[in-house]
Amino acid sequence: MRSLVLGAAARLEEAGVSFGHGTTNAVDEAAWLVLHGLGLPVSELGPHLDLAVDAERARAANALVAKRIRTRKPAAYLLNEAWLGPHRFFVDERVIVPRSFIAELLRQKLSPWIREPARVRTTLDLCTGSGCLAILVALAFPKAGVDAADLSPGALAVARKNVAAYRLGARVRPLRSDLFNALEGRTYDLIVSNPPYVTAASMRRLPEEYRREPEMALASGRDGLAHTRAILAQAKGHLNPGGLLVVEIGHNRKALERAFPKLPFQWPALSAGAGFVFLLRREDLP
C-alpha cells in the first residue's frame with residue numbers, strides 16, 4: 001500500500017491539482033483517496049502502509065485518483081465526506097467544503113470568552129452551509145438550541161442530513177434566511193458565522209477546485225467584506241446582553257480594521273496564527 005500512496009501522490013503533483021479542501025499536500029490527499037478506494041478507515045493509514053493490495057483493489061484506488069485529476073473536483077466531493085477534527089460530515093457540491101478555523105475554538109468551548117458553557121442556551125450559526133459549525137456548537141454547548149441559517153435550499157438539505165446523522169434534530173434547526181432577514185425578534189447568547197469573504201480579485205484567480213464550490217458561499221464583493229459589514233450592522237439586535245459574536249474573515253483583517261477602526265476586535269490564536277477569526281461582545285457593537 002505504501003507504493004500505491006506514493007505513486008498516487010506523484011500523479012497528483014505532476015497533474016498540478018490544488019489542495020485546501022481537507023488536505024494541504026499531495027501525500028495526504030493520496031492517502032485519503034487510496035484508503036477510500038481500498039475500503040479502509042481514513043484514520044488508519046499507519047497500520048496499513050505495508051498491507052499487500054491485490055490488483056482489483058489497487059485499480060479501484062487508482063481510479064479514484066484518476067477521477068480527482070480528470071474532474072478537478074475536491075476529494076471531499078468525490079468521497080462525499082469532509083472532516084473537522086474527528087468529526088465527519090456529508091458534503092456534496094451544494095455546499096462549500098468545511099474548513100473553518102472556528103472549529104478549533106469550539107473544541108475549547110470558546111474558552112476563555114465563555115466561562116460557563118452550561119449557561120449558553122440560544123445560539124445561531126449564520127451561513128451554516130453543511131451545518132458543520134451548528135453541529136459543533138451543539139456538541140460544545142449541550143444545553144443550547146441552535147438555529148442553522150442559510151440562504152441556499154440546497155445547503156439546508158445537506159445540513160439537515162448532517163443534523164440527522166448526529167441525532168441532533170431536537171436541538172439544531174436548519175432554517176432559510178438571508179443573513180438575519182428571517183430572524184426578526186430572535187436573540188442569542190452566541191452567534192458564529194463563517195460567511196463568504198473572498199475578494200473580487202481573488203475570485204478571478206481561484207484554482208479550478210475552488211470553482212467547483214458554490215460561488216455564493218465564497219464571493220463577498222470587491223474587498224471580501226460585504227457579508228461581514230452586514231453582520232456587524234445587525235448583530236447587536238440579535239445578541240442577548242453579554243452575548244458573543246464570532247466571525248471568520250480569511251485574510252481580510254487589515255481591510256476590516258481600516259473599515260471599523262473603533263471596534264475592539266479580539267483575534268484569538270489559531271493553528272494558522274491570529275487574524276482569521278474575530279470576536280466581539282454585544283456591548284462592543286455599534
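Reckoned from all heavy atoms, side chains included, excluding hydrogens, waters and symmetry mates.
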*Given side chains that start at C-beta, do those of Arg72 and Val17 come closer than 4.5 Å, heavy atoms only?*
yes

*asked:* If you apply the rule side-chain contact (heavy atoms from CB on, under 4.5 Å), what do you find for Leu218 with Leu206, and how did you get there?
replied: CA-CA 10 Å; Leu218 297 172; Leu206 285 179; 4.0 Å; yes

*Are any side-chain N or O atoms of Lys109 and backbone N or O atoms of Ala140, one a donor and one an acceptor, separated by less than 3.5 Å?*
yes

*Which atoms form the tightest heavy-atom contact between Glu29 and Arg68, and what is the distance?*
OE2-NE, 2.7 Å

*asked:* Determine whether a donor-acceptor pair (N or O, by modelled atom type, separation under 3.5 Å) exists between the side chain of Asn194 and the backbone of Ile102.
replied: no

_Does Glu283, at its CD atom, have more than 12 non-hydrogen atoms belonging to other residues, nucleotides or ligands within less than 6.0 Å?_
yes

*Under the side-chain hydrogen bond (donor to acceptor under 3.5 Å, both in side chains) test, which residues partner Arg212, sequence neighbours left out?*
Glu208

*asked:* Within the structure provided, determine whether Asp189 and Phe141 are in side-chain contact (heavy-atom separation under 4.5 Å).
replied: no

*Assess whether atom CZ of Arg119 is packed by more than 12 heavy atoms of other residues, nucleotides or ligands within 6.0 Å.*
no

*State, to 0.1 Å, how close Phe19 and Thr23 come at their nearest heavy-atom pair, and which atoms those are.*
CB-O, 3.5 Å

_Arg94 side chain to Ser130 backbone, donor-acceptor under 3.5 Å_ = no

_Step-by-step side-chain contact (heavy atoms from CB on, under 4.5 Å) determination, Thr187 to Thr122_ = CA-CA 8 Å; Thr187 59; Thr122 54; 5.8 Å; no

*Kindly indicate whether the side chain of Ser220, heavy atoms from C-beta on, has any atom under 4.5 Å from the side chain of Thr228.*
no

*asked:* Checking the side chain of Asn162 only, and the main-chain atoms of Phe90 only, is there a donor and an acceptor separated by less than 3.5 Å?
replied: yes

*Would you check, one step at a time, whether the test side-chain contact (heavy atoms from CB on, under 4.5 Å) holds for Tyr77 with Glu213?*
CA-CA 9 Å; Tyr77 289 155; Glu213 295 183 293; 3.3 Å; yes

*Is Lys161 atom NZ crowded by more than 12 heavy atoms from other residues, nucleotides or ligands, each under 6.0 Å away?*
no

*asked:* Do Asp150 and Thr128 pair up side chain to side chain, a donor and an acceptor below 3.5 Å, judged on atom types alone?
replied: no

*Can you name the closest pair of heavy atoms from Leu133 and Ser100 and give their distance?*
CD1-OG, 3.7 Å

_Within-4.5 Å side-chain heavy-atom neighbours: Leu110 and Leu190_ = yes

Contacts table for residues 253-264: side-chain donor-acceptor under 3.5 angstrom, sequence neighbours left out:
{"residue": "Arg253", "atom": "NE", "partner": "Glu257", "partner atom": "OE2", "Å": "3.3"}
{"residue": "Glu257", "atom": "OE2", "partner": "Trp267", "partner atom": "NE1", "Å": "3.0"}

*Taking C-beta and beyond as the side chain, do Phe180 and Leu124 meet within less than 4.5 Å on heavy atoms?*
yes

*Side chain proximity check, Val247 to Pro195, heavy atoms < 4.5 angstrom*: yes

_Determine whether a donor-acceptor pair (N or O, by modelled atom type, separation under 3.5 Å) exists between the side chain of Arg88 and the backbone of Trp83._
no

*Which heavy atom of Leu126 sits nearest a heavy atom of Ser193, and at what distance?*
O-OG, 3.0 Å

*Can you find a heavy atom in the side chain of Phe265 that is under 4.5 Å from one in the side chain of Asp284?*
no

*asked:* Could you check whether any side-chain N or O of Arg57 sits under 3.5 Å from a backbone N or O of Leu38, counting only pairs where one atom can act as donor and the other as acceptor?
replied: yes

*Evaluate the side-chain contact (heavy atoms from CB on, under 4.5 Å) criterion for residues Arg176 and Leu151: first the C-alpha distance (whole Å), next the side-chain angles of each, then the deciding distance (0.1 Å), finally the verdict.*
CA-CA 5 Å; Arg176 192 177 186 198; Leu151 179 59; 4.2 Å; yes

_Arg121 (side chain) donor-acceptor with Gly145 (main chain) under 3.5 angstrom_ = no

_Side chain to side chain, Leu232 and Leu245, heavy atoms closer than 4.5 Å_ = yes

